[in-house]
Amino acid sequence: MLVEKVTTLLRHFLNFQQLKQLHTLILVHDLNHLNGLLIHQLITSQSTYSQNISHYLRSILLHLKQPDAGSATSVIRYFCTHTRFQEAFALYVELHTSGFVPSTFSVASALKACARTGNKNGGTMIHGDLAKAEELFSSMTNKDVVSWNSMVSGYSRNGDMDKALSLFQEMPERKLSSWNAMISGYVECGKVGLARNFYNSMPERNSISCITMIGGYSKCGDVESARELFSKMDRKDHLLYNAMITCYAKNSRPKEALHLFSEMIEPNVKVQPDKMTLATVTSACSQLGELSFGSWIHDCYMKQLGIAMDDHLCTALVYLYAKCGSIDTAFNLFHKLNKKDVVAYTSMILGCGLNGKEQIAIKLFDEMMESNIRPNLLTFTGVLTALSHVGMVEESYHCFNSMKKYGLVPTPDHYSLMVEILGRAGRLEEAHDLIKGMPMKPHAGVWGALLLACSTHNNVELGETAAKHCFELEADNSGYGSLLANIYAGAGRWEDAKRLRNSIHEKGLVKIPGSSWMDHMQA
DNA sequence: TTAGGGTTAG
């Protein structure tokens, strides 16, 4: 009697409070099988993400003695559709450790969350669950397209394209989304050519197929192929524009990104941008140091379109303002973030480090460490840049050496910064030793930093060594020759200086503005 | 009652 009553009630539209009351009823009367329905209603009654609901959903699931796969999948998907991939994956791990038996659907959802958070280790963990899911799948009597697709996407997200392909070929009725899952898998493992073969042989395509391909070309730097596919699409929605604008921005072609954006909003095209478009366009502005266009987006355009701020867009603006030296505005936005993550902190640290606010950059880094936010390679670029400007050698060493604590391997750029720091302090031999001990081949920027230091400290011998490497690595950059000539002149070796300057002149080399070590200082 | 494919920030 009660069961029917609660079930009927659950099929009606109820608000959060009413659903909570029903949940109490379910708990008291041990009507566990109704939890799935309750969870579904809780999710569908919400149009936006809410912290409240999210906590509540988690607690319902985790208090179940045996959470069913359907409910678990619904909640994981709730997090995913609201781009809370970390929460989605964390929930899956929690369920897993409490003995939850995964289904094909829950595995596919968890893998999606994993892929979007860049969590490779998680993918490996789920691999084991995938085998269980496959068992479950083979025992299913009436497999529908959704279950087939879940298996295909499960394997393709896990990088097992052989299995994904054989399942795909076995599928009785392939849908558009099945093809898209295959394309996405090949793109993910860097096989963009194979992805393109699939794309070409598809019976029909939608904008998702095209977006996936553009993303693949973007990742491998093939902007031209991306543009070719983009141009061929006759109906272009804002998602397609977003993908292409992102492709330009990610491949350091910010001008083309802005150009395509202006094309998108032209009166005769008039595709409505969303917050993703604006986040990407803001990023293109940052690359160009184009503050006026970016602040127009912030001050006018968002209001005009009725687009609300979100953390991604806000972070893009934080970096724009910080990089352009408007540290106060950057800070105001930074404090408005719902969640200050590694990207937000790094944006502030980089911006402050570049604009003479070194102490603030260092303070932000400490604050970030105290909040247990894991730094990444770019965070260290930011903090080392700040430290280099104030000449804090021992702190820099400490910082540089702490990278491995976070599983980070310093890149040649980080070595460049250390060489610059040691060089400024006049510790040239030490800088040279650091270069000699590098586990990878130093690029011209590393030797360039040493060469620059040798010129400020008048060290001819080491300067010659550094210059020799620079010439080898970047033969067409005359900046290095000029630096060495200055060193000769400073040491009174006028003949050598003259000889070098003449040879630069003869080769017709023009000093390239912003050589690579300058880029490191200004990037 | 639910479950599958894509694009955003340093």
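Each chain gets a letter, A, B and so on, in the order the sequences are listed, and its residues count up from 1. Given the structure is predicted, the values throughout are model-derived calculations rather than measurements.
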Q: Which is the 5'-most and which the 3'-most nucleotide of DNA chain B that has an atom under 4.0 Å from a heavy atom of chain A?
A: B/dT1 to B/dG10

Q: Kindly indicate whether the side chain of A/His312, heavy atoms from C-beta on, has any atom under 4.5 Å from the side chain of A/Lys275.
A: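 No, side chains not in contact.
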
Q: Assign each of A/Phe85 and A/Ser178 to its nearest nucleotide of DNA chain B by heavy atoms, then name whichever residue's nucleotide is nearer the 5' end.
A: A/Ser178

Q: With a non-hydrogen cut-off below 4.0 angstrom, is A/Ser283 in contact with a base, only sugar-phosphate, or nothing?
A: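 Sugar-phosphate contact only.
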
Q: Under 6.0 Å from the six-membered ring centre of A/Phe230 and within 45° of its axis: does the NZ or CZ of A/Lys236 meet both?
A: yes

Q: NA contact type, A/Ser109, heavy-atom cut-off 4.0 Å: base, sugar-phosphate, or nothing?
A: sugar-phosphate

Q: Cation over ring, A/Lys340 on A/Tyr345, under 6.0 Å and within 45°?
A: no

Q: Over all strands shown, is A/Thr315 touching base, sugar-phosphate only, or nothing at heavy-atom distances under 4.0 angstrom?
A: base

Q: Can you confirm if the NZ or CZ of A/Arg374 lies within 45° of the ring axis of A/Tyr406 and under 6.0 Å from the centre of its six-membered ring?
A: no

Q: Which part of the nucleic acid, if any, lies within contact of A/Val145, taking any heavy atom under 4.0 Å across all strands shown: a base, the sugar-phosphate backbone alone, or nothing?
A: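 Base contact.
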
Q: Start with the C-alpha distance between A/Met302 and A/Met309, add both sets of side-chain angles, then the distance that settles side chain to side chain contact (heavy atoms under 4.5 Å, CB included), and finish with yes or no.
A: CA-CA 8 Å; A/Met302 281 175 64; A/Met309 188 70 87; 4.0 Å; yes

Q: By the 4.0 Å heavy-atom rule, please label A/Arg157 as base, sugar-phosphate, or nothing.
A: sugar-phosphate

Q: Applying a 4.0 Å non-hydrogen cut-off, can you work out what A/Gly36 is touching in the nucleic acid: base, sugar-phosphate, or nothing?
A: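 Since a base atom lies under 4.0 Å of A/Gly36, the category is base.
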
Q: Contact class for A/Lys112 (heavy atom, under 4.0 Å): base, sugar-phosphate, or nothing?
A: sugar-phosphate

Q: Do A/Leu42 and A/Tyr56 touch side chain to side chain, with heavy atoms closer than 4.5 Å?
A: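 Yes - at least one pair of side-chain heavy atoms lies under 4.5 Å apart.
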
Q: With sugar-phosphate meaning primed atoms plus P, OP1 and OP2, does A/Asn376 contact a base, only sugar-phosphate, or nothing at under 4.0 Å between heavy atoms?
A: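 Base, at least one base atom sits under 4.0 Å.
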
